Amino acid sequence: MQERYNPAALEPAVQQRWEDSRAFAVGEDTTREKFYCLCMFPYPSGRLHMGHVRNYTIGDVIARYQRMLGKNVLQPMGWDAFGLPAENAAIENNVPPAKWTRSNIDYMRGQLKRLGFSYDWERELATCDADYYRWEQWFFTRLHEKGLVYRKTAVVNWDPIDQTVLANEQVIDGRGWRSGALVERREIPQWFLRITAYADELLADLDVLEGWPEAVKTMQRNWIGRSEGLLIRFALADAGDHLEVYTTRPDTLHGVTYMAVAPEHPLARAAAAREPRVAEFLASCAQVSTSEAVIEKLEKRGLPLGIDVVHPLTGERVPVWVANFVLMGYGTGAVMSVPAHDERDYDFAKTHGLPIKPVIWPADGSDPDIAHAAYVEKGVLKNSGRFDGLDFKGAFDAIAEELGKKGRADRQVQYRLRDWLVSRQRYWGCPIPVVYGPGDELVPESPERLPVRLPEDVEWQGVASPLKSMPSFLETTVPGTTTPARRETDTFDTFFESSWYFARFCCPDAEDAMVDERARYWMPVDIYIGGIEHAVLHLLYARFFHKLMRDTGLADCNEPFTRLLTQGMVCKETYFREAANGKKSYFNPAAVETETDEKGRVIAARLAADGQPVEIGPVEKMSKSKNNGIDPQVLIDLYGADTVRLYTMFAAPPEQSLEWSDTAVEGASRFLRSLWRMTYEHCAKGPAAPLEATAPSPELRELRCRVHETIAKVTDDVSRRYKFNTAIAAVMELVNALNKAAPDTPAARAVLQEGLEVCVKLLAPIVPHCTEALWEALGHADEPLSTTPWPVADPEALKRAEIAVVVQVNGKKRAEVRVPADASREAQEAAALADPNVQKFTAGAQIRKVVVVPGRLVNIVVA
RNA sequence: GCCGGGAUGGCGGAACUGGUAGACGCGCCAGACUCAAAAUCUGGUAUGGGUGACCAUGUGGGGGUUCGAGUCCCCCUCCCGGUACCA
């Protein structure tokens, strides 16, 4: 054993040993319990960021722990390789996306290996490989056969200068990020997957997912947004047609004072053709991004269309407005407005002087206060003709029946969830396997012609997808014929790839099928670890896709992820300068110097390069777009992988967001150095005697008790709580205790030997390189630590003679008394009352009550 | 806007089931070692008062429940994530 801890030499050597022995390669072994541990695979952006390090360290700690429990552990890694950043790099640096992506993968693979993650690298896959995406093309054609795929127009952000579709992220303050042009909403034909057909099952199965955080399930429930309501048809006053709206509050029907339709609604378009003011309004509405977050924060604007509908119960005329906050993509693109009982309708009515008619009264008979806000609670009907006095349920049923008889309404279950738009007008993605025949008729590719390969050797001209100008890609034939046909140039949403990679990891080399029998052995994933930002979209699409695969006979289980661990974001403050045109350019924290006040708070920041001040932005998720990532490579080079792993696990519990500070890493390194030194000094004195051969003093028995308490605590933290920070803190405490209390006797050396071995085993999943070496030094060169059984606390060693009990008087701590571990309630109470400081506070007062929590606390309540 | 989450010393965090607020670490202060520095070691470190034992205050703000509240309930503020084409 080296005297000095030298991770730079040690870690690569240990990693080489793992690689040579194929330590983490696994196969199907029905004699052992399987454990599939999966982290969300990374987008190969160029370099690992701290979020990756955090995510993959959590996964690796769990995988290594499960391995020490004797399970057959699969932990794979791969690349979510298609995506927007590769196209941006192509446009900016004139490098083909495939080349850029593959070189990023090579670099990042090296970084992951340098961090010592126990992956089965033989299963590595990249979604941009045709061997991978051919199967989603195949699957898409199957879904097409089943009627789960359809084509429909949808609104996109259109950049009129660059002549391209923009992602919501690329629209900044209503303008294209590159061109600066005001974006326009434009309708184009798109491909959809019928996720709404699975809405009920996706909702219902959330109740079965006991291993998922409640917050994620709640978000998914709300996202799916099942509601029961009424689809009501309001007849147009001066035409034969009608306006259809959906409402969950038919009880408020008598309070309708106007209708609102989306700018894209046919009624609005028809009005625009007659009325220039309306046309102008629609044009202004068209200059806003498709993002819901943007639309919902807009000033609520609207205009009357000059047409009325007839109220289906009262026969009164109700005006129809067009409003910028009504979305064509939701429901029918029109709503009935009840300003008295809906917040948004209320604000709009106030702004535009529309009448507000209360029809719901609180059940206690008091008057609703609608002077300043809508009354949105459910209650009892008034001003509603013969429905007066009914409650929500009664009114719902009665109005549904009445309108149903008139043919004016139907009960309907509706979802907020919309079908999944899977097509993208981009190059760097999986080609949608469809061709268009001579009459533009649509023909899905035949299985034998798959994969439709994405040409990788491309010249980038301008910003548009090069596929559109590549005859070699475009020109093809209708499958099974010689009839000329044109290829679809749209590619899949990258969520398509990430919706089934976990199944492919089970059998990455399957040549004849999307997945084979091996997937039945490994699936479902036992624990899935990834960022909380994926709580809805990715995790909902993956659940949906898995159910599609199940219904295609490719899976047995109903849900792909038994347990979900959502890690919080790794955040960092942002630094930027704002140009005159409002465009912000962000600077990496590593390039910024900060000035702090005497309390350590940052008060000013300047760019190191030019010494000029930069603005301090909010603390946000580390991201490329905010340029606030901290490069883990710098820390790995400086301290080694184990220190980075240890610090990342120690700084915060996984679920919590972590504000990165690089000053504290030193402490983690210090801890490893001191554990190393302790072990070195211990081993230098030769082998310790076996514990059984010595007679430990009471102090040593106490120390042993702490060793075994630490085993129990760390096991609970790692297996049940997933709180690695407190597990590490507990081991640090134990190391401190072992360090302090080790006189040089055979008994003490035996306890120390046991203590050090326990520390090494408990830390093995977190700092696998360093502990491997320490384990060897402690006399276990013959058995690799990675498969050494996890320690179990010895119940005998845990026994204590005395315990401490806290004594409170009126809920305030006044003393701590020591009592025998088996002391009765009465004895604990007596000991508490006998304490001098307690007597000071109880003297002369009347004791009204004594609360005893045995073994913990005595609270004396005095008057 | 809507949905979900969060706020505890100078900083990251701990307190798991309503029962000792501040474990563990960073930083800082003092001391030891050293010609000196680094490294290392020892001690201290919520705030205010007291030589001290201790005492008072204290978990974003306001109210409540309880013998007892960081933890439960109501209201509010700010921050973070998502908001369907970033991944």
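Scope of the values below: all heavy atoms of this structure, side chains included, with no hydrogens, waters or symmetry mates. These figures come from a predicted structure and were not determined experimentally. Just so we're on the same page: letters track the sequence lines, and every chain starts at 1.
- Ring geometry for A/Tyr43 against A/Trp100 counts as tilted: the plane angle lies between 30° and 60°, on a 0 to 90° scale.
- Ranked by how close their nearest RNA chain B nucleotide is to the 5' end, A/Val853 and A/Arg673 are led by A/Val853.
- As the counterpart of B/G12, B/C24 is assigned, both hydrogen-bonding distances of the Watson-Crick or G-U wobble pattern falling under 3.5 Å.
- Taking side-chain N and O atoms only, A/Asn222 has a distance below 4.0 Å to OP1 or OP2 of B/G4.
- Base pairing of B/C72 is made with B/G64, judged by Watson-Crick or G-U wobble geometry with both donor-acceptor distances under 3.5 Å.
- Of all nucleotides listed (B/U20, B/A87, B/G13), B/A87 comes nearest to the side chain of A/Thr494.
- Base pairing analysis places B/C35 opposite nothing; no Watson-Crick or G-U wobble pair with both distances below 3.5 Å involves it.
- Because its NZ or CZ atom is both nearer than 6.0 Å to the ring centre of A/Phe192 and within 45° of the ring axis, A/Lys152 counts as a cation-pi partner of that residue.
- Side-chain atoms of A/Gln170 stay outside donor-acceptor range of the base of B/C86, with no qualifying N/O pair under 3.5 Å.
- One atom, NZ of A/Lys813, and another, P of B/A21, lie 7 Å apart when rounded to the nearest Å.
- Taking atom CG of residue A/Asp717 and atom P of nucleotide B/A23, one finds them 17 Å apart after rounding to whole Å.
- Side-chain N/O atoms of A/Asn736 include none lying less than 4.0 angstrom from OP1 or OP2 on B/A23.
- When Watson-Crick and G-U wobble pairs are counted only if both distances are under 3.5 Å, B/G48 pairs with B/C55.
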* Asked: Base, backbone or nothing for each nucleotide of nucleotides 75-83 of chain B, written B, S, -, heavy atoms under 4.0 angstrom, 5' to 3'?
  -> -----SBSB
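- Each of B/G25, B/G19, B/C85 was ranked by its minimum atom distance to the side chain of A/Arg426; first place goes to B/C85.
- Closest to the A/Ala167 side chain, of the nucleotides B/C86, B/A15, B/U20, is B/C86.
- For A/Arg677, the listed nucleotide lying nearest its side chain is B/C41; candidates were B/C86, B/U57, B/C41.
- For A/Trp500 and A/Phe544, the ring centers sit 6.0 Å or farther from each other.
- Residue contacts for A/Leu84: at a heavy-atom cut-off of 4.0 Å it reaches the sugar-phosphate backbone alone, with no base atom in range.
- The nearest whole Å value for the distance from the CZ atom in A/Arg670 to the C1' atom in B/C24 is 14 Å.
- If you check distances only, the side chain of A/Arg720 does reach the base of B/C16 with a donor-acceptor pair under 3.5 Å.
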* To do: Could you give me the CA-CA distance, side-chain angles and deciding distance for A/Gln425 and A/Gln190, then say whether side chain to side chain donor-acceptor pair (under 3.5 Å) is met?
  => CA-CA 9 Å; A/Gln425 293 67 53; A/Gln190 300 270 24; 2.9 Å; yes
Expected list for residues 530-542 of chain A: side-chain donor-acceptor pairs under 3.5 angstrom, two or more places apart:
unit_1: A/His538; atom_1: NE2; unit_2: A/Tyr528; atom_2: OH; d: 2.7

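- Taking every side-chain heavy atom of A/Pro85 into account, B/C86 is the closest of B/G19, B/C86, B/C24.
- The side chain of A/Asn725 sits closest to B/G13 out of B/G4, B/G13, B/U20.
- Of the candidate nucleotides B/C67, B/C85, B/A87, B/C67 has the atom lying nearest to any side-chain atom of A/Asn859.
- Taking the side chain as every heavy atom from C-beta outward, A/Trp420 and A/Phe545 approach each other to under 4.5 Å.
- For the P atoms, the distance linking B/G10 with B/G60 amounts to 13 Å, nearest Å.
- Proximity of A/Ile529 to A/Leu565: side-chain heavy atoms (C-beta onward) are separated by under 4.5 Å at one or more points.
- Residue A/Phe650 places its side chain closer to B/G25 than to any other of B/A14, B/G1, B/G25.
- Straight-line distance between the P atoms of B/U47 and B/A23: roughly 13 Å, to the nearest whole Å.
- Searching all strands for a Watson-Crick or G-U wobble partner of B/G43 with both distances below 3.5 Å returns B/C29.
- The nucleotide whose nearest atom lies closest to any side-chain atom of A/Lys723 is, among B/G19, B/G1, B/A14, B/A14.
- A/Ser423 places none of its side-chain heavy atoms less than 4.5 Å from the side chain of A/Thr491.
- For A/Arg673 and A/Tyr5, the positive end is not near the middle of the six-membered ring at less than 6.0 Å and at most 45° from its axis.
- For A/Asn810 and B/A69, the CG to C1' distance is 16 Å, given to the nearest whole Å.
- Pair assignment for B/G81 gives B/C3, based on Watson-Crick or G-U wobble hydrogen-bonding distances that are each under 3.5 Å.
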Solution key, residues 730-737 of chain A side-chain donor-acceptor pairs under 3.5 Å, sequence neighbours excluded:
unit_1: A/Asn736; atom_1: ND2; unit_2: A/Met732; atom_2: O; d: 3.4

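- Residue A/Glu816 has its side chain nearest to B/U20 when only B/C16, B/C24, B/U20 are considered.
- Residue-to-nucleotide proximity on RNA chain B shows that, of A/Gln656 and A/Thr218, the 5′-proximal contact is made by A/Thr218.
- Separating the CG atom of A/Leu672 from the P atom of B/G25 is a distance of 13 Å, rounded to the nearest angstrom.
- One interatomic measurement links the two molecules: CG of A/Leu540 to P of B/C3, which rounds to 18 Å at whole-angstrom precision.
- Residue-level contact check: A/Lys713 touches the bases, meaning some heavy atom is under 4.0 Å from a base atom.
- Between the CE atom of A/Met732 and the C1' atom of B/C26 there is a distance of 10 Å, given to the nearest Å.
- Comparing the same atom, C1', in B/G9 and in B/G22 gives a spacing of 7 Å after rounding to whole Å.
- Taking 90° from 0 as the syn/anti boundary, the base of B/G9 is oriented syn.
- If you measure from atom NE2 of A/His52 to atom C1' of B/C86, you get 13 Å, rounded to the nearest angstrom.
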